[in-house]
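Predicted, not measured: the structure shown is a model, and the values here were computed from it.
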Amino acid sequence: MGFKIKLITQNSERVIAVTEREKYLKLLSEKYPTARAVTREIINLTAILNLPKGTEHFMSDLHGEYEAFCHILNNCSGVVREKVDMLYRGELSHEDRKSICTLIYYPKEKLHLIRKAGENTDSWYRDTINRLIEIARTLSSKYTRSKVRKAMPEDYSYIIDELLHAQKDEDDNQIIYHKKILDTLISLNPDDFIIELSGLIKRLAVDHLHIVGDIFDRGESADKIVDLLMSCHSLDIQWGNHDILYMGAACGSKACIANVVRNCVKYKTVNTLESGYGISLRSLALFAQKVYKNKSPMDAALKAITVIQFKCEGQVVLRRPEYDMNDRLLLGKIKDGKVEAVGKIYELNDTDFPTVNPDSPYELTAEETAVIDELKSAFVNSVRLKKHIAFLYKTGSMYKRHNSNLLYHGCVPLTESGEFDEVLCLNKPLKGKAFLDEADAVARNAFFNRSKELRDIDFMWYLWCGKKSPLCGRNIKTFERAFIDDKSAWNEEKNPYYKFYETEKTCEMILSEFGLDSKTSHIVNGHTPVRTVKGELPIRAGGKLIVIDGGFCEAYHNTTGIAGYTLIYNSHGLRLKAHEPFMSISEALKENKDIHSSSEIIETEDKRVMVDETDNGERIQRDIDDLYDLLKMMKSK
């Protein structure tokens with residue numbers, strides 16, 4: 001074990017085991033074998049601490065809207081356009097600046113149009129490459145040369161590095177040298193170089209991406225969004241309720257699977273399952289047409305999977321009384337074309353339930369069992385879905401603390417009096433951070449150990465729609481909305497969180513619970529669309545909480561009045577961007593159209609935030625402390 005001593009470092013005092021510390025320093029010395037090497041690295045890391053922090057980009061509730069997401073990711077919520085305008089407002093026309101932006105956003109597609117129009121002259125290539133280099137140089141100024149070099153495409157790293165750091169000399173040797181580089185590029189493969197250089201610009205514009213939940217459902221291309229996210233250089237994801245639904249389906253939860261399929265059928269996005277993940281709905285379609293002969297094929301499929309969903313959910317509710325969700329057991333309350341819900345009798349708009357046995361309403365028929373079993377096999381064995389879900393687990397979590405901010409999709413369950421609510425659905429009382437931590441652990445166990453714990457798999461469904469789920473936050477009324485026309489039955493009670501999160505006191509309580517300074521930190525929240533048309537504001541609790549779900553999904557545009565919020569946090573402070581609807585990538589290419597975005601400054605820093613004030617800065621400072629210890633050990637020998 002070794003005895004312990006007190007070791008004084010430059011910035012801290014630590015009690016460590018001598019043998020463990022010596023072993024660590026010995027390993028460190030293999031990387032830095034001399035005092036000179038250690039000193040050089042201390043100087044390098046100390047310099048990095050004094051650079052401005054990189055730009056963080058926050059997005060939420062993408063809901064399968066690939067083209068809109070792709071465009072906002074490409075234009076970095078307008079950051080690229082701002083840099084282009086700053087550099088060339090007095091030199092280029094508005095249309096020419098827009099054309100440069102479109103080239104950066106979609107270089108491959110834009111170059112194709114330029115070649116087709118015969119505009120790809122040597123002069124155009126020379127001017128364009130020089131401007132792109134200048135944009136990249138401006139964006140790279142806040143990073144070390146080493147970091148910029150690592151971000152460069154490998155095949156062109158030497159060339160880009162030379163062009164970025166071109167300097168004049170007495171005999172113009174450097175100018176001639178760089179002109180020859182450009183001449184050779186233009187004569188060989190300028191398009192490939194522009195494509196790679198545009199990628200570097202976008203990578204430098206945003207240092208880190210946060211996705212605050214809900215990649216899936218509603219839109220038809222969630223799988224393409226995940227593919228795009230998997231290519232991002234630095235990101236994290238806070239799971240949303242629609243994400244956890246797909247995660248639960250991949251774990252084998254029949255209740256989750258039925259919900260996923262129903263959503264795809266209802267919103268006409270079955271292509272996500274069939275083409276995106278290779279999950280066939282043929283057996284469902286054949287069964288539905290056989291049982292519900294009087295409906296169209298799509299309506300029959302929707303009715304069939306809806307009944308299967310309610311049966312699978314009912315089975316979970318019955319075997320998990322701790323979920324306290326008996327109000328979802330409505331199949332067993334159907335009588336004479338009516339149903340009892342929330343203590344009231346309602347007329348049903350559809351009374352055809354041929355597969356529901358009144359004596360055992362949540363028992364699947366043999367044919368329904370065959371359908372859901374086949375779907376389960378397809379979900380758990382889909383190679384692409386498994387790859388995507390593994391990515392969500394690797395990069396995602398229930399919440400994230402990052403650079404003094406707290407990020408989560410839904411809520412932290414509260415009581416009617418505004419205190420942290422004690423949740424019993426995991427067979428032990430948990431609340432606040434402890435509940436979210438345990439929910440995270442159970443969700444991971446459901447995927448990585450899915451053959452052993454039915455309890456964990458059931459909990460994935462609870463996270464999707466449970467009364468006190470931190471990802472849901474409301475009592476979902478799927479049966480009522482499907483089969484009752486009286487909208488008074490549709491009211492979905494929200495967790496008290498959504499009443500109290502308007503107050504600074506509640507937000508400060510939550511921030512403190514998660515170990516953050518309530519005076520300087522913020523909560524970044526998704527999940528609930530901000531209805532700007534009704535006067536709602538995304539900034540709550542005196543700026544302590546920011547809701548960035550402004551309605552990416554086209555279905556929400558009429559409700560929200562906009563097409564999404566995004567948040568930018570750079571060294572100067574926080575800015576909220578509100579975006580108007582995006583038409584299409586093809587229109588953006590042909591007409592150089594961009595998403596129009598308005599910007600609101602939430603918070604301006606008195607002085608620029610430097611790396612030493614970030615989470616990464618803390619890690620670097622620990623490395624510096626270790627290097628000082630190593631240097632001290634070297635000098636003592």
Between the side chain of Asp223 and the main-chain N/O of Thr272, is any donor-acceptor distance below 3.5 Å?
no
Rounded to the nearest 0.5 Å, how far apart are NE2 of His57 and CG of Asn570?
11.5 Å
Ile201 CD1 to Ile104 CD1 distance, which is reported to the nearest 0.5 Å:
4.0 Å
At their closest point, which heavy atom of Val212 faces which heavy atom of Gly526, and how far apart are they?
CG1-N, 4.1 Å
Would you mind writing out the side-chain donor-acceptor pairs for residues 459-466 within the sub-3.5 Å range, not counting sequence neighbours?
residue: Trp461; atom: NE1; partner: Glu313; partner atom: OE2; Å: 3.1
residue: Tyr462; atom: OH; partner: Lys468; partner atom: N; Å: 3.0
residue: Trp464; atom: NE1; partner: Asn259; partner atom: OD1; Å: 3.3

Could you walk me through whether Phe479 and Arg328 pass side-chain contact (heavy atoms from CB on, under 4.5 Å), step by step?
CA-CA 8 Å; Phe479 182 99; Arg328 299 293 293 267; over 6 Å; no
Testing the 3.5 Å rule here: is there a donor-acceptor pair between the side chains of Asp327 and Asn475?
yes
Looking only at side-chain N and O atoms, does Asn403 offer a donor or acceptor that is under 3.5 Å from a partner on Glu56?
yes
Please identify each residue that fulfils salt bridge (Lys or Arg N to Asp or Glu O under 4.0 Å) with Lys433, with sequence neighbours left out.
Asp437
Nearest heavy-atom neighbours spanning Phe447 and Ala250
CE1-CB, 4.4 Å
Rounding to 0.5 Å, atoms CG (Leu516) and CG (Leu406) come to a distance of 6.0 Å
For Tyr408, enumerate each residue passing the ring-ring contact (aromatic ring centres under 6.0 Å, His included) test, keeping only those at least two apart in sequence or located in another chain.
none
With heavy-atom distances below 4.5 Å as the criterion, would you say the side chains of Phe58 and Ile546 are in contact?
no
Ring centers of His242, Phe216 separated by less than 6.0 Å
no
Shortest non-hydrogen contact from Thr306 to Arg262?
OG1-NE, 2.8 Å
Please find the pair of heavy atoms, one from Ala249 and one from Val260, that lie closest to each other, and give the distance.
CB-CG2, 4.1 Å
List the residues meeting salt bridge (Lys or Arg N to Asp or Glu O under 4.0 Å) with Arg444, not counting sequence neighbours, and say none if there are none.
Asp440
Mind checking whether Lys83 and Leu139 have side chains closer than 4.5 Å, heavy atoms only?
yes
Taking atom NZ of Lys150 as the centre, does the number of heavy atoms from other residues, nucleotides or ligands within less than 6.0 Å exceed 12?
no
Tyr565 side chain to Leu576 backbone, donor-acceptor under 3.5 Å:
no
Using salt bridge (charged side-chain N to carboxylate O under 4.0 Å, His left out), reason through Arg401 and Glu618 one step at a time and then give a plain yes or no.
CA-CA 14 Å; Arg401 293 179 299 188; Glu618 290 183 11; over 6 Å; no
If I compare all heavy atoms of Val80 with all of Ala205, which pair ends up nearest, and what's the gap?
CG2-CB, 4.2 Å
Option from Tyr497, Tyr498, Tyr501 for which side-chain hydrogen bond (donor to acceptor under 3.5 Å, both in side chains) with Asn525 holds:
Tyr497
Quick check for you: to the nearest 0.5 Å, what is the distance between Lys577 atom NZ and Ile568 atom CD1?
7.0 Å
Kindly determine whether Arg320 and Cys425 satisfy side-chain contact (heavy atoms from CB on, under 4.5 Å), including the steps that lead there.
CA-CA 8 Å; Arg320 305 293 171 201; Cys425 63; over 6 Å; no
Distance-minimising heavy-atom pair for Val611 and Thr614
O-OG1, 2.6 Å
Do Met398 and Leu471 touch side chain to side chain, with heavy atoms closer than 4.5 Å?
yes
Salt-bridge criterion met for Glu504 and Lys544 (N-O under 4.0 Å)
no
Between Phe448 and Tyr393, does the ring pair (Phe, Tyr, Trp, His ring centres under 6.0 Å) criterion hold? Intermediate values first, please.
CA-CA 10 Å; Phe448 295 107; Tyr393 276 104; 5.3 Å; yes
Hey, does Leu330 have a side-chain heavy atom less than 4.5 Å from the side chain of Phe310?
no
All side chain to side chain contact (heavy atoms under 4.5 Å, CB included) counterparts of Thr415, not counting sequence neighbours:
Ser417, Glu419, Asp421
Would you give me the side-chain donor-acceptor pairs under 3.5 Å for residues 226-234, sequence neighbours excluded?
residue: Asp227; atom: OD1; partner: His388; partner atom: NE2; Å: 2.8
residue: Asp227; atom: OD2; partner: Arg384; partner atom: NH2; Å: 2.2
residue: Ser231; atom: OG; partner: Leu228; partner atom: O; Å: 2.6
residue: His233; atom: NE2; partner: Val206; partner atom: O; Å: 3.3
residue: His233; atom: NE2; partner: Asp207; partner atom: O; Å: 3.3
residue: Ser234; atom: OG; partner: His208; partner atom: ND1; Å: 2.6

Please lay out, stage by stage, how Leu51 and Lys142 fare under the test side-chain contact (heavy atoms from CB on, under 4.5 Å).
CA-CA 6 Å; Leu51 287 171; Lys142 65 166 69 175; 5.8 Å; no
Without hydrogens or angle criteria, can the side chains of His63 and Asp217 be said to hold a donor-acceptor pair below 3.5 Å?
no
So that I can tick it off, tell me whether Glu416 and Lys499 are bridged by a salt bridge, with the cut-off set at under 4.0 angstrom between side-chain N and carboxylate O.
yes
Just do the side-chain contact (heavy atoms from CB on, under 4.5 Å) check on Met59 and Ile72 with the steps written out, would you?
CA-CA 9 Å; Met59 302 174 76; Ile72 290 180; 3.6 Å; yes
